[in-house]
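Taking it in order: structure first as structure tokens, then the write-up.
Values in this document were obtained by computation on a predicted structure and should not be read as measured data. Hydrogens, waters and symmetry mates play no part in the numbers below; they use all other heavy atoms, side chains included.
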Amino acid sequence: MKLVKASIYGFGKWIDQEFNFVSDYQVIFGFNEAGKTTLLNFIQSILFGFATARGDNKYLQYKPKNGNRYGGELLFLAPDQSHWTVRRIDGKGDGELTVFHDDQLVPNESLKQIVGNFTKEDFENTHVFDDKNILSIYSLNEQQLETEVMSIGAVGSKEWLKVADKLSHAADDLYKPRGQKQPLVVNLKKRKELLEEKSEIENQQVAYQRVKQQLEQTQKDFDDNAISLKKATESENDLRNLDKKWYRFDQLQQQNDPKHEVANISNADWETVLKANQELSTLKDTATTSKVSNLDNVEKQILKNYHQNQTRLDYIRNQKFELQNLQFHRDDMNTKLLRVDTQVDQLFKNHPELSEDMLPLTGEEIDQMTPAENNNNNIFLLICIVAVILALVVGNPLKIILIIAAIASGVWYWYQNQASSQPDLNNLPFIKQKGYVNVSRENIIGLQGTVIALDNFHGTQKGLIDGIKGIEIDLNKWRKILIELDVLDNSYKDDNYNEQIEKYFARLDAIKAKADLEQKSQAATKQMDEQRDQRLRELNNEIFAVLQKYQAVNMDEFMRMHTQQVQNQKITNQIKQDKDFLGRDLEALQAYPTHQSLIEKLATVTKETAALTDKNNDLNRQIGSLKEQMQQIYDNSHYQRVVLALAQNKQDILENYDEWLSKKLASDWIRNMLNVATENRYPKMLERAAEYFALLTNENYSKIDFDQKNLTVLSKNKIRFDVHELSKATTIQLYLALRLAFVTEISDLIKLPILIDDAFVDFDVSRKENVFKLIQEISKSNQVIYVTANEPTAIPQEHILTLGGNISA
């Protein structure tokens with residue numbers, strides 16, 4: 001998209017002004033307070049929205065003081081020569097947006113055709129250059145400067161690098177090689193002291209030393225085996241990695257570099273033929289369309305149906321909101337029904353003993369469940385008491401009989417009390433009728449409040465269901481009427497009738513407009529046909545000239561030649577991608593004549609790894625056994641305390657080490673991943689940035705590259721410099737080259753104008769001349785709008801717009 005005109009209704013100092021822009025680059029000259037920055041802010045505001053009045057943003061608003069309309073419009077020229085107009089005026093939020101395509105109103109979402117998925121922040125971070133973001137580079141330290149330069153083109157890299165620094169500092173708080181107070185350093189010193197103390201105790205017994213020597217030898221065997229196991233595991237992992245990449249390796253082996261047997265068609269000639277052929281087809285289609293402008297049979301039937309049922313159809317159009325209200329009430333009842341269902345489900349969740357068929361009990365029914373007092377049972381209690389008293393005063397033979405009688409009467413009294421206190425509720429008829437079978441009396445009484453609530457919810461559910469059914473009957477009546485009048489198709493299953501009514505009447509209005517146009521369209525077409533025929537001859541001659549240039553018999557032959565050219569390029573790109581994917585593994589894969597030989601090698605190494613693992617486990621068990629013998633040989637409380645302290649110290653060291661290592665590895669991983677992502681994702685950007693950097697520095701630097709960790713540049717003397725080794729001015733040039741290279745690299749996705757607001761005010765004459773050369777180079781693919789308070793001297797006048805002069809020219 002090329003910005004060709006800006007029409008300002010009211011924005012800051014600009015009132016009812018128009019600015020025409022050159023499609024490649026435009027230099028806008030004006031002294032301070034001339035409105036240069038205001039004009040650039042106008043372009044950003046129309047594309048991405050006005051600043052709001054909240055907080056400090058109110059100072060970024062440019063509402064005119066004299067009451068004129070706040071806003072304006074931008075006119076863009078698309079690659080297909082169509083025009084897009086973006087209009088934004090004062091309104092809610094960031095303004096009221098309107099988008100036109102060739103004077104045809106289109107949805108606001110069509111703005112993405114111009115700005116893509118860019119936000120205002122994305123645009124400012126990539127396409128906008130001013131003295132603020134350029135001069136801010138001077139205030140950065142070495143690490144901040146390197147972070148800023150490396151973050152260009154990598155989304156979110158600044159935040160990731162900050163996280164990496166934070167993790168690195170956290171790791172240093174745990175351990176430093178020369179530290180004294182860090183937890184891991186303190187624990188390592190403590191371990192050394194404990195080992196020395198433990199060694200002094202161990203030297204006291206020969207037997208202990210013998211077991212210790214065995215343990216040391218076993219530990220050495222374990223360590224040696226662990227090294228072999230690690231090597232075998234790494235070898236196995238390498239072979240498995242090669243196995244995963246074999247498919248791409250085999251694919252690369254089968255690919256042959258394409259032979260360029262066809263002429264290399266230039267992009268300009270290809271674009272010329274495509275545009276001419278497209279215009280040719282458009283002219284032919286236009287001619288056919290102009291002849292077929294009558295209503296088809298379906299449209300005639302729709303218009304006839306309207307005239308026959310105009311009164312009823314007009315009534316439907318006027319009463320569609322009644323239908324919308326019915327649907328709203330139906331949806332509202334469904335929402336309420338869902339809420340009640342949720343409350344019922346919550347009752348059952350809170351009361352697992354509750355069942356769906358339970359009904360509330362009456363007071364009389366609750367009284368029937370109360371157990372009756374058993375007065376006849378008191379006599380057995382009396383017998384038990386008398387027997388106990390007599391047993392205390394009589395002799396032994398009779399005492400035993402009285403004790404047995406007391407125990408028997410006591411047991412019988414207890415049994416009768418238990419039987420009378422728990423009546424059989426299932427014998428009551430209402431227990432089964434109201435759903436309380438096998439539920440205890442206490443639970444039945446405790447559930448009454450919940451059962452009453454459940455009964456009330458059931459009543460509410462029934463009322464809502466009946467209301468929904470009534471509305472559905474009314475909606476079905478509407479459906480029959482709509483089907484009868486052909487507004488709705490009989491196969492339509494949804495109930496979004498309002499949308500269908502809108503579609504029907506929108507189509508009806510279009511048909512009526514087409515019918516009116518058909519009656520008025522018999523105008524002078526002869527001259528248009530002659531112009532079209534003349535243009536057809538010109539286009540055919542233009543296509544024929546290009547076909548002759550490449551000795552193509554016809555258009556099909558020319559298309560075949562271009563297709564072959566594209567296919568050759570695809571094959572070349574695929575070969576490069578396969579080689580990049582395989583990387584250093586390519587040489588290793590070439591060592592295996594077949595995939596089967598690789599599989600056999602992998603099987604051998606896997607078997608070796610399994611054997612070493614088994615040996616590792618066996619040695620580990622032996623170490624455990626020897627350690628247990630050492631503890632049994634030397635049984636001393638002091639020694640045990642030292643051993644326990646060592647074990648705890650080891651655990652502390654491992655925890656400190658794990659935390660330190662995880663933070664250190666995470667920090668290194670973030671930096672490595674950002675380096676890899678930047679290097680792999682933007683090779684073209686770096687190549688283009690190197691060209692721009694060489695131009696800006698008078699060829700003093702020839703290459704921009706990545707080493708293992710940092711971004712570096714190569715001077716013409718073949719000396720490599722890190723970013724922080726460059727002068728501030730050269731760093732600004734590198735930063736500028738990288739940002740502009742990133743913008744031009746993504747120009748196939750987003751082609752917005754590059755806005756430069758006097759960003760190079762501190763540059764000397766030579767650097768400014770180089771900047772203008774770079775602007776002219778970039779403008780071949782990206783439009784550049786450059787505003788400055790210094791009058792340019794080496795720029796053609798047709799590219800200069802002077803504020804205070806003829807501003808609409």
Side-chain angles (χ1 to χ4, degrees), residues 143 159-203 208 211-234 236-237 609 612-676 709:
Q143 186 175 1
E159 288 73 14
W160 278 111
L161 288 169
K162 289 179 181 177
V163 172
D165 292 339
K166 184 177 180 181
L167 289 170
S168 180
H169 291 319
D172 289 341
D173 290 339
L174 290 169
Y175 173 76
K176 285 184 179 180
R178 297 182 180 181
Q180 297 293 331
K181 299 181 179 180
Q182 289 76 17
L184 184 54
V185 175
V186 172
N187 282 324
L188 288 173
K189 290 181 178 178
K190 182 178 179 181
R191 181 169 185 79
K192 182 178 180 181
E193 295 172 356
L194 289 171
L195 286 173
E196 291 175 354
E197 185 176 0
K198 179 171 176 284
S199 178
E200 291 177 0
I201 300 173
E202 289 172 348
N203 290 333
Y208 184 89
V211 177
K212 179 183 176 183
Q213 290 174 0
Q214 293 178 3
L215 176 61
E216 290 174 351
Q217 181 60 44
T218 307
Q219 183 67 51
K220 182 178 181 303
D221 294 342
F222 177 83
D223 294 339
D224 293 341
N225 186 76
I227 294 173
S228 300
L229 177 59
K230 180 180 179 183
K231 291 180 180 178
T233 303
E234 291 174 351
E236 180 183 357
N237 292 335
T609 303
L612 290 170
T613 301
D614 293 340
K615 183 177 180 181
N616 188 76
N617 294 335
D618 183 60
L619 290 171
N620 194 36
R621 286 191 293 270
Q622 292 181 32
I623 290 172
S625 176
L626 290 171
K627 287 182 177 180
E628 184 178 355
Q629 291 181 40
M630 290 174 65
Q631 291 180 353
Q632 292 175 354
I633 292 173
Y634 196 84
D635 186 11
N636 181 276
S637 59
H638 178 58
Y639 178 76
Q640 293 299 322
R641 285 196 299 271
V642 173
V643 170
L644 291 175
L646 272 171
Q648 182 61 46
N649 175 261
K650 179 180 179 182
Q651 184 65 30
D652 293 340
I653 290 174
L654 289 175
E655 290 177 358
N656 293 151
Y657 176 76
D658 288 345
E659 185 178 359
W660 172 81
L661 184 62
S662 63
K663 294 181 185 298
K664 199 70 176 176
L665 291 179
S667 175
D668 294 342
W669 179 85
I670 290 173
R671 294 182 180 276
N672 291 335
M673 289 302 101
L674 285 176
N675 289 338
V676 171
K709 291 186 177 181

Inset, instruction - Measure the spacing between CG of Leu654 and CG of Leu184 and express it to the nearest 0.5 Å. - result: 10.0 Å
Inset, instruction - Work out which heavy atom in Tyr175 is nearest to a heavy atom in Leu188; give both atom names and the distance. - result: CE1-CD1, 4.2 Å
Inset, instruction - Kindly compute the distance separating NZ (Lys189) from CG (Asn649), expressed to the nearest 0.5 Å. - result: 13.5 Å
Legend entry - salt_bridge(Lys220, Asp223) N-O dist < 4.0 Å: no
Legend entry - Distance in Å, Gln213 CD paired with Glu216 CD, rounded so as to fall on 0.5 Å steps: 7.0 Å
Legend entry - Validation row: Gln648, Leu644 side chains within 4.5 angstrom (heavy atoms): no
Inset, instruction - Please report the shortest heavy-atom distance between Asn225 and Lys615, naming the atom on each side. - result: OD1-CD, 3.2 Å
Legend entry - Separation between NZ of Lys231 and OG1 of Thr233, rounded to the nearest 0.5 Å: 12.0 Å
Inset, instruction - Taking ring-ring contact (aromatic ring centres under 6.0 Å, His included) as the test, write out the residues that go with Phe222, two or more places apart. - result: none
Legend entry - Worked verdict on Gln219 versus Ile623 for side chain to side chain contact (heavy atoms under 4.5 Å, CB included): CA-CA 7 Å; Gln219 183 67 51; Ile623 290 172; 3.3 Å; yes
Inset, instruction - Determine whether Lys230 and Glu234 make a side-chain contact, defined as any pair of heavy atoms from C-beta on separated by less than 4.5 Å. - result: yes
Inset, instruction - Apply side chain to side chain contact (heavy atoms under 4.5 Å, CB included) to Gln651 and Glu655, showing your working. - result: CA-CA 6 Å; Gln651 184 65 30; Glu655 290 177 358; 3.3 Å; yes
Legend entry - Ile227 CD1 to Leu612 CG distance, which is reported to the nearest 0.5 Å: 12.0 Å
Inset, instruction - Show your reasoning for whether salt bridge (Lys or Arg N to Asp or Glu O under 4.0 Å) applies to Asp618 and Arg621. - result: CA-CA 5 Å; Asp618 183 60; Arg621 286 191 293 270; 3.6 Å; yes
Legend entry - Flag, side chain of Asn187 to backbone of Lys650, donor-acceptor distance under 3.5 Å: no
Inset, instruction - Give the minimum heavy-atom separation between Asp173 and Gln182, together with the two atoms involved. - result: O-CG, 3.5 Å
Inset, instruction - Could you check if a side-chain atom of Lys176 sits within less than 4.5 angstrom of a side-chain atom of Val185, using non-hydrogen atoms only? - result: no
Inset, instruction - Taking all non-hydrogen atoms of both residues into account, name the closest pair between Thr609 and Leu229 and its distance. - result: O-CD1, 3.7 Å
Inset, instruction - May I ask you to test the Arg191-Leu646 pair for a side-chain heavy-atom distance under 4.5 Å? - result: yes
